[in-house]
Amino acid sequence: MNASDLTIQALNKAMLEAVEFVHAEGWDAPPTLFALVPSALLIDALPAEDDAAPLALVVQDGIPAHLEGGSDELGDFISQLAWPEEVAGVILAQEILFASPDAPTETQPARLFSGVLRGGVDQTLLQLRPSEAELDEPFAEDNVELRGGTGVAPGVIAALRYTLDEVEL
């Protein structure tokens, strides 16, 4: 995979796969870290598909269970990681307390999905946790609403980029 294959579209597809994976695990889950590797490297392990994603998610084990989303300890742990050249990018999914710019003193639980690719592409998605009343609606758990874009969580993006050894000093 060359740098021209590391597009925002490839990252978006990987991010949505990460959202589906984490959503299936349910709320109140620990942070999840995914390495993104070119699907071509895993071709023998993956079923052949015409619309195969250019990047495959590889869930990383080893995040200490006591690390909570949004914590300084998680940031410290992430900052100690380094990825080999074969890893094209990384996604971190974590549960946080989100404060809306409209009401900064009020917080609500949310999931933050932050992803970066080598070469500069990044994306952040936010999924607000439904209220108990919303969850009482039929099929409410299947409804995943995402917000986001670039520049949403610059500290997390910088930490992930650092793990790819792409920090400008």
Side-chain angles (χ1 to χ4, degrees), residues 1-23 25 27-39 41 53-104 106-129 144-169:
M1 174 171 268
N2 59 44
S4 66
D5 294 327
L6 299 178
T7 64
I8 190 67
Q9 291 82 8
L11 180 57
N12 284 342
K13 191 163 190 163
M15 295 281 286
L16 292 177
E17 288 180 33
V19 168
E20 288 177 19
F21 180 92
V22 171
H23 184 71
E25 299 290 311
W27 286 93
D28 302 317
T32 305
L33 187 64
F34 302 91
L36 301 177
V37 295
S39 296
L41 291 178
L55 297 170
L57 276 68
V58 180
V59 178
Q60 301 300 297
D61 295 327
I63 295 180
H66 71 279
L67 296 181
E68 295 182 11
S71 69
D72 289 340
E73 293 81 12
L74 177 61
D76 290 344
F77 176 80
I78 296 297
S79 72
Q80 296 175 31
L81 299 176
W83 301 100
E85 274 182 34
E86 295 80 15
V87 173
V90 62
I91 295 173
L92 175 65
Q94 59 181 317
E95 293 186 18
I96 62 166
L97 288 176
F98 173 72
S100 169
D102 300 332
E106 298 175 26
T107 61
Q108 72 182 96
R111 286 186 183 128
L112 183 69
F113 297 87
S114 303
V116 299
L117 296 179
R118 292 187 191 274
V121 176
D122 66 72
Q123 178 74 290
T124 300
L125 299 174
L126 183 74
Q127 176 190 12
L128 297 176
R129 184 176 184 154
V144 177
E145 292 185 29
L146 300 170
R147 303 174 184 184
T150 57
V152 174
V156 178
I157 294 296
L160 293 175
R161 193 166 306 292
Y162 181 80
T163 69
L164 294 169
D165 196 29
E166 293 190 357
V167 174
E168 294 182 22
L169 300 176

- Item | SB check Asp165 Arg118 (cutoff 4.0 Å) | no
Nearest 0.5 Å, please: how far is [atom2] in [Y] from [atom1] in [X]?
X: Leu36; Y: Leu57; atom1: CG; atom2: CG; result: 5.5 Å
X: Leu125; Y: Leu16; atom1: CG; atom2: CG; result: 6.5 Å
X: Leu117; Y: Ile8; atom1: CG; atom2: CD1; result: 7.5 Å
X: Asp72; Y: Leu67; atom1: CG; atom2: CG; result: 11.0 Å
X: Ser114; Y: Met15; atom1: OG; atom2: CE; result: 6.5 Å
X: Leu112; Y: Ile96; atom1: CG; atom2: CD1; result: 4.5 Å

- List the steps, then state whether side chain to side chain contact (heavy atoms under 4.5 Å, CB included) holds for Glu68 with Leu74. CA-CA 7 Å; Glu68 295 182 11; Leu74 177 61; over 6 Å; no
Closest heavy-atom pair and its distance - [X], [Y]:
X: Gly89; Y: Leu164; answer: CA-CD1, 4.1 Å
X: Phe77; Y: Pro64; answer: CE1-CD, 3.6 Å
X: Ala88; Y: Leu55; answer: CB-CD2, 3.9 Å
X: Ala18; Y: Phe113; answer: O-CE2, 3.9 Å
X: Val90; Y: Thr163; answer: CG1-OG1, 4.0 Å
X: Ala93; Y: Val22; answer: CB-CG2, 3.7 Å

Check: [X] side chain, [Y] main-chain N or O, donor-acceptor pair, under 3.5 Å:
X: Gln94; Y: Gly70; result: yes
X: Thr107; Y: Phe98; result: no
X: Gln60; Y: Leu33; result: no

- For Arg129 and Asp28, run side chain to side chain contact (heavy atoms under 4.5 Å, CB included): C-alpha distance rounded to whole Å, both residues' side-chain angles, the deciding distance at 0.1 Å, then the answer. CA-CA 10 Å; Arg129 184 176 184 154; Asp28 302 317; 2.9 Å; yes
- Please step through side chain to side chain contact (heavy atoms under 4.5 Å, CB included) for the pair Val156 and Leu92, ending with a clear verdict. CA-CA 9 Å; Val156 178; Leu92 175 65; 4.3 Å; yes
- Query: Going through the distances and angles, do Arg161 and Asp122 end up as a side chain to side chain contact (heavy atoms under 4.5 Å, CB included)?
  - Reply: CA-CA 9 Å; Arg161 193 166 306 292; Asp122 66 72; 3.3 Å; yes
Determine whether [X] and [Y] make a side-chain contact, defined as any pair of heavy atoms from C-beta on separated by less than 4.5 Å.
X: Arg111; Y: Trp27; result: yes
X: Leu146; Y: Val19; result: yes
X: Glu145; Y: Leu128; result: no

- Message: Using a 6.0 Å cut-off, check whether atom CD of Glu25 has over 12 heavy atoms from anything other than its own residue.
- Response: yes
